[in-house]
Amino acid sequence: MAQAARAARVARALWPGRCSLVERLGGRPWPQLLAQSRAGFAGAAGGQGPAAAVRKGSPRLLRVAVLALGGALGLYHTARWHLRAQHLRAHHSAAQLSLSSHMQLTLYQYKTCPFCSKVRAFLDFHALPYQVVEVNPVFRSEIKFSSYRKVPILVAQEGDRSQQLNDSSVIISALKTYLVSGQPLEEIITWYPPMKAMNDQGKEVTEFCNKYWLMLDEKEAQQMYGGKEARTEEMKWRQWADDWLVHLISPNVYRTPAEALASFDYIVREGKFGAVEGPVAKYVGAAAMYLISKRLKSRHHLHDDVREDLYEAANKWVAAVGKDRPFMGGQKPNLADLAVYGVLRVMEGLEAFDDLMRHTRIQPWYLRVEKAIAKALPGH
């Protein structure tokens with residue numbers, strides 16, 4: 001029984017099913033979008049300058065003037081957006097260069113954990129070099145330096161100073177804020193304070209304020225998102241990936257005894273287990289998690305066939321992305337794209353993943369994100 005309980009704890013750590021908490025938002029308020037002033041146009045319309053002279057002239061001259069003005073405005077806005085995009089890319093590249101040149105990133109992880117997979121997807125897409133330390137899920141001696149006992153943990157080392165970032169969404173938000181704004185990382189981290197809360201089972205857990213926010217000023221937010229709607233959408237679906245999509249992984253990969261055994265074979269093969277721990281985790285853990293998956297199904301009110309919930313979630317995501325853009329982020333993946341991709345990726349090679357690709361509309365989007373990440377990696 002002790003071995004079964006230990007194996008069950010291992011499986012929960014590798015494919016966790018966290019209880020949802022009410023998100024507490026704080027920190028900086030939503031940036032207010034700037035309204036464009038029309039005072040200049042109004043003054044011109046009411047004056048007796050060249051516009052009034054045109055009105056007194058021929059209709060043909062008026063049409064020529066209007067066309068010329070429209071063309072000039074079009075060229076102006078085209079040039080303005082082009083320069084803004086160049087500025088954002090240059091700023092982003094400079095921050096990436098600074099991060100990769102002066103800061104060493106070390107990711108403490110379980111390879112099959114969806115939260116760790118999210119962080120790797122982010123780091124790879126942004127071409128940020130990092131070292132991986134695979135944590136033993138039983139003893140966790142690799143993270144004995146930390147009072148925070150979950151993974152992922154990211155340590156950013158710069159000279160003699162190091163910063164520890166906890167929680168996958170905090171890691172992603174903090175690093176993205178750094179890349180866009182160039183604020184010191186030690187200052188950025190203070191915007192994501194930890195807090196204690198009680199989950200549905202009455203257990204104390206640590207959550208983090210503001211973890212889906214990027215701490216940007218109005219100009220930076222406008223450059224990155226173009227509008228409040230895009231920012232709100234990204235935050236909504238990042239939270240959906242954490243609060244709902246993750247909970248569908250364990251019930252699906254442990255759905256049957258055969259799937260549970262295949263899942264633990266994958267976990268043992270990819271994880272860091274000792275000579276004795278591996279076989280115990282594979283067989284005892286598979287049996288334990290097959291039974292526990294039934295409780296998870298009840299806790300999250302899933303269908304009798306949990307594949308239905310997985311398919312519904314995938315099709316819901318595809319519908320949110322829509323047909324008019326390749327990614328939720330438009331022409332390139334945003335943080336929500338990377339989060340959803342990272343969560344689903346941990347099922348690759350398992351029956352649940354093959355079924356997902358076959359029976360939903362998600363495969364084209366999934367392959368586009370996979371290609372975008374591969375293209376961003378050095379040496380591509």
Side-chain angles (χ1 to χ4, degrees), residues 1-18 105-124 130-146 148-155 164-168 171-172 241-242 245-293 296 339 341-354 356 370 373:
M1 290 298 294
Q3 287 180 332
R6 174 176 286 184
R9 287 197 297 272
V10 169
R12 283 173 173 169
L14 294 172
W15 271 316
R18 302 183 309 172
L105 302 179
T106 303
L107 177 64
Y108 295 82
Q109 67 155 21
Y110 306 140
K111 185 174 180 180
T112 57
C113 165
F115 299 105
C116 300
S117 180
K118 279 171 44 187
V119 174
R120 293 198 310 273
F122 171 85
L123 294 172
D124 290 341
Y130 60 100
Q131 296 180 342
V132 170
V133 175
E134 193 69 21
V135 175
N136 182 295
V138 178
F139 299 107
R140 294 182 288 182
S141 58
E142 294 81 4
I143 56 173
K144 63 183 179 182
F145 64 86
S146 173
Y148 182 80
R149 302 299 291 167
K150 295 181 180 181
V151 293
I153 293 173
L154 187 80
V155 175
Q164 179 176 327
L165 289 79
N166 305 322
D167 186 273
S168 61
I171 292 169
I172 291 167
D242 285 355
L245 188 61
V246 162
H247 295 301
L248 303 180
I249 304 299
S250 291
N252 273 277
V253 299
Y254 303 128
R255 185 180 62 150
T256 66
E259 287 183 87
L261 188 60
S263 297
F264 263 89
D265 181 65
Y266 171 64
I267 289 172
V268 171
R269 189 171 65 250
E270 298 294 335
K272 185 176 182 180
F273 290 87
V276 176
E277 297 162 1
V280 170
K282 179 177 177 179
Y283 293 102
V284 179
M289 284 309 298
Y290 168 69
L291 298 175
I292 290 173
S293 68
L296 294 175
Y341 172 83
V343 170
L344 296 178
R345 180 173 59 176
V346 298
M347 297 190 296
E348 283 190 14
L350 300 176
E351 184 179 335
F353 183 82
D354 295 338
L356 178 67
E370 185 176 64
I373 292 175

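Because the structure is predicted, anything quoted here is derived from the model rather than measured.
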OH (Tyr110) and CD (Glu134) are apart, to the nearest 0.5 Å, by 9.0 Å
Scanning both residues in full, the closest heavy-atom pair of Ser293 with Tyr254 reads OG-O, 3.3 Å
d(Tyr148 OH, Asp167 CG) to nearest 0.5 Å is 5.0 Å
Under 3.5 Å: donor-acceptor pair, side chain of Arg149, backbone of Ile143: yes
When every non-hydrogen atom of Leu350 is compared with those of Ser263, the smallest separation belongs to CD1-OG, 3.8 Å
When every non-hydrogen atom of Gly342 is compared with those of Ser117, the smallest separation belongs to O-OG, 2.7 Å
Query raised in the report: Can you find a pair of side-chain heavy atoms, one from Arg120 and one from Tyr130, that are under 4.5 Å apart?
Result: yes
Residue set satisfying side chain to side chain contact (heavy atoms under 4.5 Å, CB included) with Glu270, at least two apart, ordered chain then number -> Lys111, Thr112, Tyr266
**Asked** Hey, does Ser168 have a side-chain heavy atom less than 4.5 Å from the side chain of Pro152?
**Response** yes
Legend entry - 4.5 Å side-chain heavy-atom contact, Lys150 and Phe115: no
Rounding to 0.5 Å, atoms CG (Leu344) and CG (Leu248) come to a distance of 9.0 Å
Output for pair (Phe122 CZ, Ile171 CD1), nearest 0.5 Å, gives 10.0 Å
d(Glu142 CD, Ile153 CD1) to nearest 0.5 Å is 11.0 Å
Here the pair of heavy atoms bringing Glu259 nearest to Ala352 is OE1-N, 4.1 Å
Distance col, row Tyr341:OH vs Lys118:NZ, nearest 0.5 angstrom, shows 15.0 Å
For the pair Glu348 (side chain) and Phe353 (backbone), establish whether a donor and an acceptor sit closer than 3.5 Å, ignoring hydrogens and angles.
no
